[in-house]
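Contents: one structure, followed by commentary.
Count residues from 1 along the sequence. Quantities reported herein were computed from a predicted structural model and do not represent experimental measurements.
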Amino acid sequence: MDPALRPSIDEVWHWLAEVPDPEIPVISLTDLGIIRDVVWRDDTLVVTVTPTYSGCPATTIINLDIETALAEKGLSKVRLERQLSPAWTTDWISAEGREKLRDYGIAPPIDGTAADGVLMKRVDRLSGRSNLTIACPRCGSTNTEKISQFGSTPCKASYRCTDCLEPFDYFKCI
C-alpha cells in the first residue's frame, strides 16, 4: 500500500476500539487491553495481540474479528502477531472498559490486585478464601458472597449480592 494512502496508526487504533470482545461484547478489544501494538512494516499492517490466557477459547474468533474489521476498512495486508510475554493481566483493562463492565452488570477486577502477587496476599491462609471486597455492579453494596469460582466464562466467578439478592459475575484478577 502506498504510504501516502494508508491510514494512520491512530486511525487504525480507532477502528480496533470498535471491535467488541466476543465473550463480553460491551467492551472492545482495546478496552480489554489485549491489542498491544499496531505498526506498519513496509506495506503490511502488523497488529500484536496478547490473549487473556493461552487457552482462551475466544482467541481464534478475536483474530478473525480483527482481520474482518480491518478488511472492511480496505486493508488487505494484515499480519497478526501473538505476544505471550509479558502475560496479559486484568490491570490492562482500561478505566473506560471497567466502567462498561460495571454498567453491563459484571463487577470489574479490583484495580492493582493482579500485579506483583498482590492478589495472593488477599487470601486467608487458613480458609483459602479471598478477602477481597467485591461490590455489586447493580446496587453498589459490598455485602456480597462468592457462589462459585467459575462463572459464565473461565475468566469470571459467580457472586451474589446479599442486599439486592441479584447474582452477578466478577471478572477475576489475572
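When only modelled atom types and interatomic distance are considered, Asp163 and Ser141 share a side-chain donor-acceptor pair under 3.5 Å.
The two residues Gln83 and Ser85 make their nearest non-hydrogen contact at NE2-O, 3.1 Å. The nearest pair of heavy atoms linking Arg102 to Pro137 is O-CB, 3.7 Å. In this structure, Ser158 and Asp169 approach most closely via the heavy-atom pair OG-OD1, 3.9 Å.
For the pair Arg160 (side chain) and Phe168 (backbone), a donor-acceptor distance under 3.5 Å is absent. Of the possible donor and acceptor atoms, one in the side chain of Ser94 sits under 3.5 Å from a partner among the backbone N and O of Gly97. In this structure a side-chain-to-backbone donor-acceptor pair under 3.5 Å is present from Asp31 to Ser28. In this structure, the side chain of Asp21 engages the main chain of Glu23 through a donor-acceptor pair within 3.5 Å.
Taking the side-chain contact (heavy atoms from CB on, under 4.5 Å) definition, one finds that Arg82 meets it with Pro51, Ser54, Leu84, sequence neighbours left out. A search for side chain to side chain donor-acceptor pair (under 3.5 Å) contacts involving Thr59 returns nothing, not counting sequence neighbours. Partners of Thr162 by side chain to side chain donor-acceptor pair (under 3.5 Å), not counting sequence neighbours: none found. For Arg138, there are no side chain to side chain donor-acceptor pair (under 3.5 Å) partners two or more places apart in sequence or in a different chain. Taking Lys172 as the reference, Gln149, Phe150, Ala157 meet the side-chain contact (heavy atoms from CB on, under 4.5 Å) condition, with sequence neighbours excluded.
Between Leu75 and Pro7, the closest side-chain pair of non-hydrogen atoms falls below 4.5 Å. When side chains are defined from C-beta on, Ile35 counts as touching Val47, because their heavy atoms get closer than 4.5 Å. Side-chain contact between Asp103 and Val26 is absent, with no heavy atoms from C-beta onward closer than 4.5 Å. Residues Leu80 and Val46 have side chains not in contact (no heavy-atom distance under 4.5 Å, counting atoms from C-beta outward). A 4.5 Å side-chain heavy-atom check between Leu101 and Phe171 finds at least one atom pair inside the cut-off. When side chains are defined from C-beta on, Ile62 counts as touching Pro22, because their heavy atoms get closer than 4.5 Å. When side chains are defined from C-beta on, Cys161 does not count as touching Glu145, because their heavy atoms never get closer than 4.5 Å. Side-chain contact between Ile34 and Leu32: present, with at least one pair of heavy atoms (C-beta onward) separated by less than 4.5 Å.
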Item to complete: Please step through side chain to side chain contact (heavy atoms under 4.5 Å, CB included) for the pair Leu45 and Val38, ending with a clear verdict.
Response: CA-CA 7 Å; Leu45 183 72; Val38 177; 3.6 Å; yes
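Atoms CG and NZ, from Asp42 and Lys77 in turn, are 9.0 Å apart once rounded to the nearest 0.5 Å. Between atom OG of residue Ser152 and atom CD1 of residue Ile106 there is a gap of 6.5 Å, rounded to the nearest 0.5 Å. In this structure, the separation between SG on Cys139 and CD on Glu166 is 9.0 Å, given to the nearest 0.5 Å. Note that the CD1 atom of Ile110 and the CD1 atom of Ile134 stand 3.5 Å from one another [nearest 0.5 Å].
At a threshold of 4.0 Å, the pair Arg79-Glu81 counts as salt-bridged, since one of the basic side-chain nitrogens sits closer than that to a carboxylate oxygen. With respect to the salt-bridge test (charged N to carboxylate O, under 4.0 angstrom), the residues Arg6 and Glu11 do not qualify.
Both Trp13 and Ile27 are members of a single hydrophobic cluster when ILVMFWY side chains are connected at heavy-atom separations under 4.5 Å. Residues Leu16 and Val39 do not share a hydrophobic cluster, clusters being chains of Ile/Leu/Val/Met/Phe/Trp/Tyr side chains in contact below 4.5 Å.
Aromatic ring pairs are classed by plane angle as parallel below 30°, tilted from 30° to 60° and perpendicular above 60°; the pair Tyr170 and Tyr159 is perpendicular.
Pairs engaging residues 60-73 under the side chain to side chain donor-acceptor pair (under 3.5 Å) rule: none recorded [sequence neighbours left out].
Taking the ring centre of Trp88 as origin, the terminal cationic atom of Arg36 falls outside the region bounded by 6.0 Å and 45° from the ring axis.
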